[in-house]
There are 2 protein chains.
Amino acid sequence: MKQKITLKDIAKELDVSISTVSKALKNSKEIGKDTKDRIKAFAKFYNYRPNNIALSLKNKRTKNIGVIIPDIVHHFFTTVFRGIEMYANQMGYNVIVCISDESFDKEVINMEMLANGSIDGFILSLSAETQRRNDFTHLKELLDQGIPIVLFDRVTQDVACDKVILNDIEISRESVTHFIKTGSKKIALITTENYFNVSESRKEGYLKALKDNNIPFDENLILTLPHDLDNTKLITEFFQKNKIEAVLCVNEIFAVQCMSVIQQLGFKIPDEISIIGFTDGILSRYSSPKLSTVAQHGEKMGELAAKMLINRMESTELVEEPFRTEVINATLIKRGSTIN
Amino acid sequence: MKQKITLKDIAKELDVSISTVSKALKNSKEIGKDTKDRIKAFAKFYNYRPNNIALSLKNKRTKNIGVIIPDIVHHFFTTVFRGIEMYANQMGYNVIVCISDESFDKEVINMEMLANGSIDGFILSLSAETQRRNDFTHLKELLDQGIPIVLFDRVTQDVACDKVILNDIEISRESVTHFIKTGSKKIALITTENYFNVSESRKEGYLKALKDNNIPFDENLILTLPHDLDNTKLITEFFQKNKIEAVLCVNEIFAVQCMSVIQQLGFKIPDEISIIGFTDGILSRYSSPKLSTVAQHGEKMGELAAKMLINRMESTELVEEPFRTEVINATLIKRGSTIN
DNA sequence: AAATGTTACGAAAACGGTTTCGTGTTGATA
DNA sequence: TATCAACACGAAACCGTTTTCGTAACATTT
């Protein structure tokens, strides 16, 4: 077993001081040419690499970013993560991921663990439970300790930090408007319980589009589904009870479930019923017909979040720049489940 | 801004030495009761937490695990990762993820970065390019430096370390046997280019099942598809040219693409053509009919990998235990795309 | 009273780097 | 020849812990 070589080893071997070795390897002009050459050659031969931990301790920065996401087995978060990882890596940062699993406690514990020196900053999307409890003291404390945070997608107004969000209101307004333009009037919304601010925003856009086009709002055309269950029955009843011409779903799972039900009931997609979902994932792309959907550009979102965080971490300004909230523009991808 | 408090701060404030503080907080009986109480109270009040970096430097272990996966936007890897994260977290480890993006260079660079002190061990699945090049010197060097590695799924015999794999051969034999038992004879295999040892294994199981049942192997019934393209045309031709009664696909994307094509061509699933895919992901569960598929139990695989790694890292044995290769038993989930 | 043991704490080294400052040896200048 | 930079390098502090070892003060034993 070849042990990793340290400055001390090199120093001893070449009979110079540790500081000389350190300086030589950084090409300091304090050190004479021959000494430098000797040291460099030796270091290269033994494949010397400085110890990251020692550097972190000395420099008081780790070049690690902490990412906390509610769920990794989820297309949107996965793409955001990929965006973060790519940009961070490119900038010489590593990414430590923790999964909060939608739990407040896990979110808190993970963040506190990482905050004790393991990372220089956080990127996170709030867990469902955190949003429900509306308790953000853990975030505030970390910010207070000078650890920068960037929130994405599931954010809150209650903490002052950088944020990246989707223009949920606007894009769902646009989607519903598309339904209306293509002749639908009875437009349904299938959503989740509303402690998610994103569901809330999507509903807001839905209502706005109706209002803009003088279509009366019908409470019965909104279906709220629990997460992760087989909702086939509820959806079937929903479509049997109501004469629906178009439906906006807040995620792609609901959307494909709808498609199945609708086809089962004998309606033609998109001629009789149009569908738009959220998240341009694998389901949307491989369903038949292919699902029209709102692309959330997760990768772009992750990249932007990472960029904002790294910017702030590396900023040398004495006065802190004001916090920004950046908006990623979602786009409506029109495929086979809508009349285009 | 509240700066994090250190042992030194406490020592100065309470007018004792740093060592006394350290010992008091660890409840050492070297320290008198009152001193201990004073220090503990103070530490608690100021919410003292030891600095992870300093601990890492001192203890020569980081409690971090490096995970290198080829692609995160991929159901199987995502579930494996979740398994790793859950177990690691539970054991007090954090997880640093790097995405190799199927690139040899990224795999090498990322591993070397992390190996310089950032992590205590690796869990990885080889990138496609690494498998193609058959170059594993980076792995061997790290092992040689005493850094433990656990390979999962995409492994190689060329490096001596712990491994976790799926019983690919057996499960695809089982799947094809199921086709045969339910009356199919003309059984196709849709696979990827074979530098993936997993594809290779699945093909082997396929062949074995045919042989066991005295069904002659027909080269024409194997379709090799490039990755990530729209393969609809190729698949359509394939089904038009050959009279096929059942098809095994090495992933779920191929499987749903097949389903679409088959339905388009007017065949009934599963009555005229049966399908089995690999990966029990979102696609399989929400297709119609629901896809019969091979569940790879990624989470279990990840958990096992993490367990093996942590075991080895924490082992105090002087003689190293021999390397093990553990096999995760995949299961065939029979749903609507097969006759059951 | 001397020897010994116990208690309660501090000094210092160590982990692996970076960086500031000091200094002995040159060679050039006045 | 005395003075002074410039050069080339080393000593030591520092980052925040843990841990070994030393020791002053007091108590106990013989």
Side-chain angles (χ1 to χ4, degrees), chain A residues 3-40 42-43 46-64 113-120 145-147, chain B residues 3-40 42-43 46-64 113-120 145-147:
Chain A
Q3 267 300 320
K4 281 238 109 183
I5 196 174
T6 70
L7 286 187
K8 195 199 266 192
D9 299 330
I10 302 183
K12 197 186 299 174
E13 210 62 38
L14 296 187
D15 211 37
V16 290
S17 77
I18 295 181
S19 20
T20 303
V21 178
S22 174
K23 287 171 191 164
L25 293 177
K26 311 200 94 183
N27 222 349
S28 155
K29 55 183 175 228
E30 257 186 83
I31 307 299
K33 180 158 184 342
D34 347 354
T35 320
K36 254 199 286 205
D37 289 348
R38 269 173 66 223
I39 294 178
K40 281 190 194 165
F42 191 90
Y46 282 100
N47 196 24
Y48 169 78
R49 296 270 179 274
N51 180 306
N52 290 331
I53 299 295
L55 287 180
S56 296
L57 185 57
K58 177 82 222 193
N59 301 333
K60 289 170 153 291
R61 48 190 260 263
T62 59
K63 285 251 171 185
N64 285 156
M113 266 234 56
L114 293 183
N116 295 319
S118 299
I119 52 90
D120 300 334
Q145 282 171 28
I147 299 179
Chain B
Q3 266 301 318
K4 280 239 109 184
I5 196 175
T6 70
L7 286 187
K8 194 198 265 191
D9 299 330
I10 303 184
K12 197 185 298 174
E13 210 63 34
L14 297 187
D15 212 36
V16 290
S17 78
I18 295 181
S19 19
T20 302
V21 179
S22 174
K23 289 170 190 165
L25 292 178
K26 312 201 96 184
N27 222 350
S28 157
K29 55 185 174 226
E30 259 185 81
I31 306 299
K33 180 159 187 343
D34 347 355
T35 320
K36 253 199 287 204
D37 289 348
R38 270 172 65 223
I39 294 177
K40 280 190 195 166
F42 191 90
Y46 283 100
N47 195 27
Y48 169 79
R49 295 272 178 275
N51 180 306
N52 289 332
I53 298 295
L55 286 181
S56 296
L57 185 58
K58 179 90 238 237
N59 300 334
K60 289 173 153 290
R61 47 189 259 259
T62 59
K63 286 249 169 186
N64 286 156
M113 264 233 58
L114 293 183
N116 295 317
S118 299
I119 52 90
D120 300 335
Q145 282 170 28
I147 300 179

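Numbers restart at 1 for each chain; the letters A, B, ... are given by sequence-line order, proteins then strands.
The line from OG of B:Ser22 to CD1 of B:Ile39 is 9.5 Å long, rounded to the nearest 0.5 Å.
Taking the side chain as every heavy atom from C-beta outward, A:Thr6 and A:Asn51 never approach each other to under 4.5 Å. Side-chain contact check for B:Lys40 versus B:Asn27: some heavy-atom pair is nearer than 4.5 Å. Inter-residue side-chain proximity for B:Ile10 and B:Ile5 is flagged as met; some heavy-atom pair is nearer than 4.5 Å. By the 4.5 Å heavy-atom criterion applied to side chains, A:Leu14 and A:Val21 are not counted as neighbours.
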At under 4.0 Å between heavy atoms, which parts of nucleotides 7-12 of chain D does protein reach? Answer with one letter per nucleotide, 5' to 3': B base, S sugar-phosphate only, - none. -BBBBB

Trace of the salt bridge (charged side-chain N to carboxylate O under 4.0 Å, His left out) decision for B:Asp37 with B:Lys33: CA-CA 6 Å; B:Asp37 289 348; B:Lys33 180 159 187 343; 2.7 Å; yes

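Once you apply a 4.0 Å limit to the heavy atoms of chain B, the touched nucleotides of DNA chain C run 5' to 3' over C:dA8 to C:dG16.
Within the helix from C:dA1-D:dT30 to C:dA30-D:dT1, the inter-axis angle between the opening and closing five-pair segments is 80°, rounded to 10°.
No option in B:Thr62, B:Asn52, B:Asn64 other than B:Asn52 meets the side chain to side chain donor-acceptor pair (under 3.5 Å) test with A:Ser118.
Counting non-hydrogen atoms of neighbouring residues, nucleotides and ligands closer than 6.0 angstrom, the CD atom of B:Glu13 reaches no more than 12 such neighbours. By the 6.0 Å contact criterion, CG on A:Asp15 is open, its count of non-hydrogen atoms from other residues, nucleotides or ligands being 12 or less.
Shown here are the side-chain hydrogen bond (donor to acceptor under 3.5 Å, both in side chains) partners of A:Lys4, two or more places apart in sequence or in another chain: B:Asn116. With sequence neighbours excluded, the residues satisfying side-chain hydrogen bond (donor to acceptor under 3.5 Å, both in side chains) with A:Glu30 are A:Lys23.
We find that NZ of B:Lys8 is positioned 16 Å from C1' of D:dT18, with the value rounded to whole Å.
In terms of heavy-atom proximity, B:Ala24 sits nearest to B:Ile31 at N-CG1, 4.0 Å.
A heavy-atom distance below 4.0 Å to DNA chain D is reached by these residues of residues 47-62 of chain A, ordered by number: A:Leu57, A:Lys58, A:Lys60.
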